[in-house]
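Heads up, the thing below is written out as structure tokens.
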Amino acid sequence: MSAPKERRKADTFEPVRHPIGRRGRIIQRGDETSEMLIKKPSSLRQADVTPRQVYWNRRKFLEGLGVAGAAAVSGRALMRLWSPGVAYAGTKLNTVKSSYTLDEKITPANDVTHYNNFYEFGSDKGDPAKNSQKWVTTPWTVSVEGDVKVPRKYSLDEILQLAPLEERIYRHRCVERWSIVVPWIGYSLSTILRLAQPTEKAKYVAFQSFFDHNQMPDAKYTGLEYPYVEGLRLDEAMHPLTLLCVGMYGETLPNQDGAPVRMVVPWKYGYKSIKSIVKIKLVSSEPPTTWNRQASNEYGFYSNVNPSVDHPRWSQATERRLGEIFMHKTLMFNGYADQVASMYAGMDLKKFH
Ligand code: MTE
């Protein structure tokens, strides 16, 4: 999902219409009805698969160790044990049941954590899992600011405690036509927006991801402008389905999936679900968004999943679940039409794609 801009160096990137891979390599593509930028899970290399991080049960761990054992634990592991309240990727989270669930097969965690789009860590699907492991996401703060009465920086600890953490099983549909079903953990974004008390001027919410050249050196080969930014209309942001997400599969988010806090907006194409958020700003006009800035004819501001509005380069009528062979029919608003369609009543969904 990329299209070059003039500002790209001619020697680095190929001309328009070609999906761009790392260091300007063109990713194999087929005709309009075949997969675009999709590697089947079977093509995931073993080397892409890092062992799942264990979480720490402090008491059991200390009991099992004894003093000599404890001394042998690495400094980093001890930090994990001795930092009350600090949640690391791979830390188990307690959740409450949610009514947001699905009677569909959950995608294996290994596929979801090793087939990613997180361009800050590279543009190949295995890059984020490989390249993000040393990235340190603590301490972390999220600033809520702009047209609000109560601007504030929240620590991750505070975010984890603002509301009961719900496990919500959502469909997640990438514009590239792959999809997943994931048990995310979090609560409605509206919780934190209400605390900020948006003013009359606030009409949109602008999100910004963390970015640091030194920790994300592969970003420079991807042709995107950083930091990654996204946006929602205020009513979309306040919709109960819009999830401020801090975990998945019972644990905190792995780095490659947007640790430590990301958005999940299940009725929109996956690129709206911005990862590793550091800023949430209430604004009066439509904010710029990364992929729209990159190729506005291909990626609109709204980006609602819509099987009858094709991407200029491929059909959006069907999708493939990671780990499966056959294509599924894509559902209007990704299956969430009953909950969200009224927000777009009377809108030309092709024009406002
Ligand atoms: N957020 C940031 N900061 N950087 C990105 O490259 N990619 C987006 C979105 N959020 C992206 C991002 C895209 S294109 C998709 S499909 C989803 O993250 C993928 O989420 P996943 O890798 O957890 O499946």
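In listed order, ligands and their atoms are each counted from 1.
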Exercise for the section: May I ask you to check whether Y228 and F211 place their ring centers less than 6.0 Å from one another? Expected result: no

Handout entry: Any N/O pair W291/ligand 1 closer than 3.5 Å
Key = no

Exercise for the section: Could you tell me whether the side chains of S273 and Y269 share a donor-acceptor contact shorter than 3.5 Å? Expected result: no

Problem - N or O contact, R262 vs ligand 1, cut-off under 3.5 Å - result: yes

Handout entry: Test of proximity, Y271 against ligand 1: N or O pairs below 3.5 Å
Key = no

Completion exercise
Hits for salt bridge (Lys or Arg N to Asp or Glu O under 4.0 Å) against R262, two or more places apart or cross-chain, chain-then-number order -> none

Problem - Options Y226, Y228, Y299, ranked by nearest heavy atom to atom 2 (C) of ligand 1, top entry - result: Y228

Exercise for the section: Looking only at distances, please establish whether an N/O atom of ligand 1 is found under 3.5 Å from an N/O atom of Q256. Expected result: no

Exercise for the section: Would you kindly specify which portion of H172 sits under 4.0 Å from ligand 1, judged on non-hydrogen atoms: side chain, backbone, both or neither? Expected result: side chain

Problem - Min N/O separation W178 to ligand 1 under 3.5 Å - result: no

Practice task
With heavy atoms of I180 as the reference, note each atom of ligand 1 found under 4.0 Å away.
Solution key: 24 (O)

Practice task
State whether a side-chain donor-acceptor pair under 3.5 Å links E236 with Y344.
Solution key: yes

Completion exercise
Per-atom filter on ligand 1: closer than 4.0 angstrom to a heavy atom of F118 are 2 (C), 3 (N), 4 (N), 5 (C), 6 (O)

Handout entry: same_hphob_cluster(Y100, I185) at 4.5 Å side-chain heavy-atom cutoff
Key = yes

Exercise for the section: Before giving the answer on side-chain contact (heavy atoms from CB on, under 4.5 Å), spell out for Q316 and V175 the whole-Å C-alpha distance, their side-chain angles and the decisive distance to 0.1 Å. Expected result: CA-CA 8 Å; Q316 291 293 24; V175 74; 3.2 Å; yes

Practice task
Would you please indicate yes or no on a ring centroid separation below 6.0 angstrom for W291 and Y119?
Solution key: yes

Problem - Donor on one side chain, acceptor on other, N116 and K125, under 3.5 Å - result: no

Exercise for the section: Within a distance under 4.0 Å of any heavy atom of N116, pick out the atoms of ligand 1 and give their elements. Expected result: 21 (P), 22 (O), 23 (O)

Handout entry: Atoms in ligand 1 flagged as close to C174, the criterion being non-hydrogen separation under 4.0 Å
Key = 16 (S)

Handout entry: E120 N/O under 3.5 Å from ligand 1 N/O
Key = yes

Exercise for the section: Check whether any side-chain heavy atom of R171 lies under 4.5 Å from a side-chain heavy atom of H328, and answer yes or no. Expected result: no

Exercise for the section: Please confirm whether V182 comes under 4.0 Å of ligand 1, counting heavy atoms of the residue only. Expected result: no

Exercise for the section: Check whether any side-chain N or O of K268 sits under 3.5 Å from a backbone N or O of Y302 as a donor-acceptor pair, and report yes or no. Expected result: yes

Exercise for the section: Return yes when S273 approaches ligand 1 closer than 4.0 angstrom through a heavy atom, no otherwise. Expected result: yes

Exercise for the section: Run the contact test for E230 against ligand 1 with a 4.0 Å cut-off on heavy atoms, strictly below, and give the result. Expected result: no

Completion exercise
A student checking ligand 1 against D257 at a 4.0 Å heavy-atom cut-off should list atoms 23 (O)

